[in-house]
Amino acid sequence: MTSRFRRATAALALAAAALLTAGCVTNTMLRENGYEAIQQDDWVTARDYFQRAVRQAPNDGIAHYYLGRCELELGDPLAAQLALERAYTLKGNDPAFRDRILDHLAQALYRQGEYEKLTTFLGNVANESALTRDHLRHANYLVAIGDNDAAQLAFRKAAFFAPEGDPAAMIDIADFYRSIGDVPNESLALRYAYWIDPDTPGLPDRLRQVGVVPGPTAAAEPPRPEMLR
């Protein structure tokens, strides 16, 4: 009798320990397991961990973000959109995640063919933030859907809000004009970039490709605020 009692007590203790251990699985642990699965390119397992994480803590914006990434990788852009929208609500003001969430959310909308929703959303984000990178994101998706007129305006806004001394937005504008075969405006954008920073790697060669000889006369001061009219 004593032996049976001891065995029963031991079994109950083991069961209690197992339940306690299961209850100690935190969201951090679930996310860490998810990260490891992503490193192994096992997106199905990663999705399972992040799904468990968001069920356990619905306000875990990081878990929602990674769940959205998993859904994108696994070919479900609608599920990705829902997770990433939640992530943006929770972590949209976090510099460590904001741009990554926006990039993947834009991709989720684009893959669904939700072009109007995509461009309206990105345009609103860019106008509210007045950040060059947000206007560039908007512009590049406008190019992707073939709205070149709206893209030109978005590129001009990107250049207007660019940090002083940074020609990157002008070079992006030049790339856009090159993609549509508009050499005069490509040349003008490159000359603006040259005025901003003539030492930009590769810029002299780009100027030569459009028939402009690098030097003091090649630089053209960008007009503000009406860019590249």
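Interatomic distance, H138 NE2 to L153 CG, rounded to the nearest 0.5 Å: 8.5 Å. Rounded to the nearest 0.5 Å, atoms CG (L105) and CG (L82) are 10.0 Å apart.
Between A159 and M170, the closest heavy-atom pair is CB-CE, 3.8 Å. Contact detail for G68 and L84: the closest heavy-atom pair is CA-CG, 3.9 Å. When all heavy atoms are compared, the tightest approach of P58 to L90 is O-CD1, 4.0 Å.
Note: the hydrophobic cluster containing M29 does not contain I62 (ILVMFWY, side chain heavy atoms under 4.5 Å, direct or indirect links). When hydrophobic clusters are built by joining Ile, Leu, Val, Met, Phe, Trp and Tyr residues whose side-chain heavy atoms come closer than 4.5 Å, directly or via intermediates, I196 is grouped together with L136. Connection of L122 to L109 is established within a shared hydrophobic cluster, with ILVMFWY side chains joined at heavy-atom distances below 4.5 Å, either directly or through further cluster members. The hydrophobic cluster containing V54 also contains V44, counting ILVMFWY residues as joined when their side-chain heavy atoms lie under 4.5 angstrom apart, directly or transitively. Residue L118 is grouped with residue V125 when hydrophobic side chains (ILVMFWY) are merged at heavy-atom distances under 4.5 angstrom, including chains of intermediate members.
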Dump the intermediate steps for side chain to side chain contact (heavy atoms under 4.5 Å, CB included) on T119 and D147, then the final yes or no.
-> CA-CA 10 Å; T119 55; D147 191 345; over 6 Å; no
Begin from the C-alpha positions of Y35 and Y66 and carry the test ring-ring contact (aromatic ring centres under 6.0 Å, His included) through to its verdict.
-> CA-CA 9 Å; Y35 303 150; Y66 281 102; 5.0 Å; yes
Would you list the atom pairs, donor with acceptor, under 3.5 Å between side chains in residues 70-77 and any protein atom, with sequence neighbours excluded?
unit_1: E71; atom_1: OE1; unit_2: R47; atom_2: NH1; d: 3.3
unit_1: D76; atom_1: OD1; unit_2: A79; atom_2: N; d: 3.1

Residues 161-169, side-chain donor-acceptor partners within the protein, below 3.5 Å, at least two apart:
unit_1: D166; atom_1: OD1; unit_2: A168; atom_2: N; d: 3.0

Hey, can you pull the donor-acceptor pairs under 3.5 Å for the side chains in residues 94-102, sequence neighbours left out?
unit_1: D94; atom_1: OD1; unit_2: A96; atom_2: N; d: 2.9
unit_1: D94; atom_1: OD2; unit_2: K91; atom_2: NZ; d: 2.9
unit_1: R98; atom_1: NH1; unit_2: D134; atom_2: OD1; d: 3.3
unit_1: R98; atom_1: NH1; unit_2: D134; atom_2: OD2; d: 3.3
unit_1: R98; atom_1: NH2; unit_2: D134; atom_2: OD2; d: 2.6
unit_1: D99; atom_1: OD1; unit_2: R133; atom_2: NE; d: 3.2
unit_1: D99; atom_1: OD2; unit_2: R133; atom_2: NE; d: 2.6
unit_1: R100; atom_1: NE; unit_2: A96; atom_2: O; d: 3.2
unit_1: R100; atom_1: NH2; unit_2: A96; atom_2: O; d: 2.7

Donor-acceptor contacts, no H, no angles, side chain residues 197-218, under 3.5 Å, sequence neighbours left out:
unit_1: D197; atom_1: OD1; unit_2: D199; atom_2: N; d: 3.1
unit_1: T200; atom_1: OG1; unit_2: D197; atom_2: O; d: 2.8
unit_1: D205; atom_1: OD1; unit_2: R208; atom_2: NH1; d: 2.9
unit_1: R206; atom_1: NH1; unit_2: D175; atom_2: OD1; d: 2.9
unit_1: R206; atom_1: NH2; unit_2: D175; atom_2: OD1; d: 3.2
unit_1: R206; atom_1: NH2; unit_2: E186; atom_2: OE2; d: 3.3
unit_1: Q209; atom_1: OE1; unit_2: R178; atom_2: NH1; d: 3.4
unit_1: Q209; atom_1: OE1; unit_2: R178; atom_2: NH2; d: 3.4

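Applying the ring pair (Phe, Tyr, Trp, His ring centres under 6.0 Å) definition to pairs two or more places apart or across chains, those involving residues 72-94 are Y88-F121.
A side-chain donor from one of Y177 and Q152 sits under 3.5 Å from a side-chain acceptor of the other. A donor and an acceptor atom, one from each side chain of Q40 and E36, are nowhere located under 3.5 Å apart.
A search for side-chain contact (heavy atoms from CB on, under 4.5 Å) contacts involving A151 returns L142, V143, F155, F176, not counting sequence neighbours. Every side-chain hydrogen bond (donor to acceptor under 3.5 Å, both in side chains) that N127 has, sequence neighbours left out, goes to K157. Residues satisfying the ring pair (Phe, Tyr, Trp, His ring centres under 6.0 Å) criterion with H104, sequence neighbours excluded, are Y65. Considering only residues two or more places apart in sequence or on other chains, Y110 meets the ring pair (Phe, Tyr, Trp, His ring centres under 6.0 Å) condition with Y115, Y141. The side-chain hydrogen bond (donor to acceptor under 3.5 Å, both in side chains) check on D41 picks up W43, with sequence neighbours excluded. In this view, D42 satisfies the salt bridge (Lys or Arg N to Asp or Glu O under 4.0 Å) rule with no residue, not counting sequence neighbours. With sequence neighbours excluded, the residues forming a side-chain hydrogen bond (donor to acceptor under 3.5 Å, both in side chains) with N27 are Q56, D60, listed by chain and number.
Here the rule is side chain to side chain contact (heavy atoms under 4.5 Å, CB included) with L67, and of R86, R52, Q51 only Q51 fits it.
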